[in-house]
There are 2 protein chains.
Amino acid sequence: MASKLKLVVSNDRVSPCYGCPLSGLCRDDAPPAAAVPHTCLEQRCVHLHSGEHLFRVSDEVDQQLHVIRSGDIKLYQHGRDGGQHIIEFLGSGAWVGLESLNQQHRHAGAVALTDCEVTIVPYAQVLSLLDRQPRSAEAFGQMLSGTIARHQQHAAMLRSTSAVQRVAQFLLQRLEQASLPMSRQDIADYLGLTSSTVSRCLSAMRRRGWLTMGQRAYHLPGRLQVEKVAAGTPLMLED
Amino acid sequence: MASKLKLVVSNDRVSPCYGCPLSGLCRDDAPPAAAVPHTCLEQRCVHLHSGEHLFRVSDEVDQQLHVIRSGDIKLYQHGRDGGQHIIEFLGSGAWVGLESLNQQHRHAGAVALTDCEVTIVPYAQVLSLLDRQPRSAEAFGQMLSGTIARHQQHAAMLRSTSAVQRVAQFLLQRLEQASLPMSRQDIADYLGLTSSTVSRCLSAMRRRGWLTMGQRAYHLPGRLQVEKVAAGTPLMLED
DNA sequence: CGTACGTTTGAGTAGCTTCAATTGGGGTGG
DNA sequence: CCACCCCAATTGAAGCTACTCAAACGTACG
């Protein structure tokens, strides 16, 4: 179960930034090739198998951030009642660990939902970049700002009184990619419902033909109706 | 209803940082007095009366952050059903507007719950500070990180199934200062409940002598029991 | 083929919401 | 100073939603 670490050194002189996790933060329009430090060239990666932890609750914070190259990860906390509360589902391109920068121990755990490839980005490296490139501080701020905005959206979803409403919003938000790698229980823990209720809501929409579910693939032929449900239109669960 | 703007220029040479909203970010251990730019000396303030908006939903983002000097502010969004969802209650010392850095229009509104004094901090000024003082980038990151962590906590509270549980957690979290400037409706919108339910929960605890409510002052003689309720111990509403 | 686990579905119940009536407190005008 | 009004808070009763408990089904894996 040990994570394999791989050191990747790019030899591509044409575009040294290709594949660099920091490329989203780099703001030098024309970075002088000679001045590019190791930062952009060295990439440490971790491969996670489905179910493996990237880090656990109470782990010591190691001052490292992570960027997901491929796969999906869930961020969770332990609920008061023993169950787990999913904070966020993170997909390809997402940063992991932004909430731990000021803390000594993780208050959230991160588990791979599928096999994952994750790039390790030492926080010091990010700070170093922010130091060298003033404009990237702005980009970094925007990234954190966006994270905050997403959490606010999630909180809004949790306050939607109706269960179908929450499930509909979840589907609309997550079904750009037409696949849901997480279990019903995970969805339930994310939406503040039970897996039974989630299942009932999905079945209700499926019965109406608004949702089709091949074992991993999901589609929304009735996207318009689902949007109405998400907006508050009531929906009888049993037909 | 027009907000009064006041320009305050400090003449105090002894401690130029005193009262500076950026002091929490400044990381120069011994800032050379001669090099201190206007940044630390100019402070624009806004005075808000209870009920006045600092900004509204859909307002254009003016690239300004705010720091609350005194008073309380609520951050809210419009719910699907017409009601408003409170995102966060912000008190003295808190930063306002961190979630809007990457957006063109506000997706949240900010209203004063009490009379407020708010310092205006142009985002450019923050960036300029981050540029000059590399270490303050870390502090800024920690601040945003802390904000994210608080939102995650809030989301966890919203998933607590029981109503009394949510109210108890809210009281424990908010009653360091022994006063709740917001209305029952606001609390309800924050917790994802109705004002009736909030009222009932508070009454239940008051009947048991765990909570006392002078018109503005709140106290928790039964903090221990309230903590148990927050942790999941069931509680009959009617006695 | 059999076991184990996740999902679906079924009744019954608890708890929150809804709607409405009552109380209380703060402000205004007499 | 008191009466009045207005809005917020409280409280009551009824209804409905989502949870609980439980069983049956499907699928993946040995």
Side-chain angles (χ1 to χ4, degrees), chain A residues 49-51 74 79-84 113-114 157-168 170 180-208 211-218 229 232-239, chain B residues 49-51 74 79-84 113-114 157-168 180-207 211-218 229 232-239:
Chain A
H49 293 104
S50 176
K74 71 174 177 185
R80 300 281 192 193
D81 51 358
Q84 63 180 7
L113 292 168
T114 64
M157 185 157 59
L158 288 172
R159 265 163 304 196
S160 303
T161 44
S162 161
V164 273
Q165 202 173 339
R166 293 187 218 180
V167 174
F170 178 77
L180 298 179
M182 69 292 289
S183 72
R184 293 297 138 84
Q185 187 59 55
D186 285 337
I187 299 175
D189 289 338
Y190 181 72
L191 297 177
L193 301 169
T194 59
S195 60
S196 303
T197 303
V198 173
S199 198
R200 265 184 261 270
C201 293
L202 290 177
S203 296
M205 299 199 210
R206 194 179 41 186
R207 259 196 301 278
R208 266 154 251 248
L211 171 71
T212 59
M213 301 159 46
Q215 52 247 28
R216 283 270 174 257
Y218 288 69
V229 173
T233 301
L235 179 64
M236 297 293 119
L237 282 189
E238 45 252 48
D239 213 20
Chain B
H49 295 105
S50 177
K74 70 174 176 186
R80 299 283 191 192
D81 51 359
Q84 65 179 6
L113 292 168
T114 64
M157 185 156 57
L158 288 172
R159 266 164 304 195
S160 303
T161 44
S162 162
V164 274
Q165 202 173 340
R166 294 186 219 182
V167 174
L180 299 179
M182 69 292 288
S183 72
R184 293 297 138 86
Q185 187 60 53
D186 285 337
I187 298 176
D189 290 338
Y190 180 72
L191 296 177
L193 301 169
T194 58
S195 59
S196 303
T197 304
V198 172
S199 199
R200 266 184 259 272
C201 292
L202 290 176
S203 296
M205 299 198 211
R206 194 177 42 186
R207 261 196 300 278
L211 171 70
T212 59
M213 302 159 47
Q215 50 248 27
R216 283 270 174 255
Y218 288 68
V229 173
T233 301
L235 179 65
M236 298 291 120
L237 282 188
E238 48 253 48
D239 210 12

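In the text below, chain A, chain B and the rest are named by the order of the sequence lines, each starting its count at 1.
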- Message: If I take atom CD in residue A/Gln185 and atom C1' in nucleotide C/dT7, what distance separates them, rounded to the nearest angstrom?
- Response: 11 Å
- From A/Phe170 CZ over to A/Leu180 CG, what is the distance, rounded to the nearest 0.5 angstrom? 5.5 Å
- Message: Using every non-hydrogen atom in the two residues, find where A/Cys201 and A/Val164 come nearest and quote the distance to one decimal.
- Response: SG-CG1, 3.6 Å
- Message: Whole angstroms only, please: what is the CE-P distance between B/Met236 and C/dA14?
- Response: 9 Å
Please write out the pairs of protein N or O atoms and N or O atoms of nucleotides 6-8 of chain D separated by less than 3.5 Å, giving the distance to one decimal.
none

- Might you point out which heavy atoms bring A/Leu237 and A/Ala204 nearest each other, and give the distance in Å? O-CB, 3.8 Å
- Query: Please give, in whole Å, the distance from C/dG10 C1' to A/Arg207 CZ?
  - Reply: 12 Å
- What is the distance from CG of A/Leu211 to C1' of C/dT7, rounded to the nearest Å? 15 Å
- Roughly how far, to the nearest 0.5 Å, is the CG atom of A/Leu202 from the OG atom of A/Ser195? 11.0 Å
- Which heavy atom of A/Arg166 sits nearest a heavy atom of A/Leu158, and at what distance? CZ-O, 3.6 Å
- Calculate the interatomic distance between B/Met205 atom CE and D/dT10 atom P; express it in whole Å. 13 Å
- Item | Distance in Å, B/Gln185 CD paired with B/Thr194 OG1, rounded so as to fall on 0.5 Å steps | 8.0 Å
- Query: So, is B/Arg166 close to the C/dG15 phosphate, meaning a side-chain N or O under 4.0 Å from OP1 or OP2?
  - Reply: no
- Message: Checking the side chain of B/Arg159 only, and the main-chain atoms of A/Gln84 only, is there a donor and an acceptor separated by less than 3.5 Å?
- Response: no
- Message: Whole angstroms only, please: what is the CG-C1' distance between B/Leu180 and D/dA9?
- Response: 14 Å
- Message: So for the helix from C/dT7-D/dA24 to C/dG30-D/dC1, with five pairs setting each end axis, what is the inter-axis angle to 10°?
- Response: 40°
- Message: Just to be sure I understand the rule, does A/Leu202 reach a base, reach only the sugar-phosphate, or reach nothing, if contact means heavy atoms closer than 4.0 Å?
- Response: nothing
- Task: Output all residues satisfying side-chain contact (heavy atoms from CB on, under 4.5 Å) with A/Thr161, sequence neighbours left out; order by chain, then residue number.
- Result: A/Gln165
- Rounded to the nearest 0.5 Å, how far does CE of B/Met182 lie from NZ of B/Lys74? 9.5 Å
- Residues at least two apart in sequence or cross-chain that pass side-chain contact (heavy atoms from CB on, under 4.5 Å) with B/Ser50, listed by chain then number, are B/Asp115
Pairs: protein N or O with nucleotides 18-25 of chain C N or O, under 3.5 Å:
| unit_1 | atom_1 | unit_2 | atom_2 | d |
| --- | --- | --- | --- | --- |
| C/dT18 | O4 | B/Arg200 | NH2 | 3.0 |

- Query: For residues 191-204 of chain B, which residue pairs qualify under salt bridge (Lys or Arg N to Asp or Glu O under 4.0 Å), counting only residues two or more places apart or in two chains?
  - Reply: none
- Item | Closest to side chain of B/Ser162, choosing from D/dT10, C/dC16, C/dT8 | C/dC16
- Give a yes/no on whether any side-chain N or O of B/Ser195 is located under 4.0 angstrom from OP1 or OP2 of D/dA9. no
- Could you grab the distance from atom CG of A/Leu191 to atom OG1 of A/Thr197, nearest 0.5 Å is fine? 10.5 Å
- Query: Taking atom P of C/dG6 as reference, at what distance in whole Å does atom CD1 of A/Ile187 sit?
  - Reply: 14 Å
- Task: Write down the distance between CG (A/Leu191) and P (D/dA18), rounded to a whole number of angstrom.
- Result: 12 Å
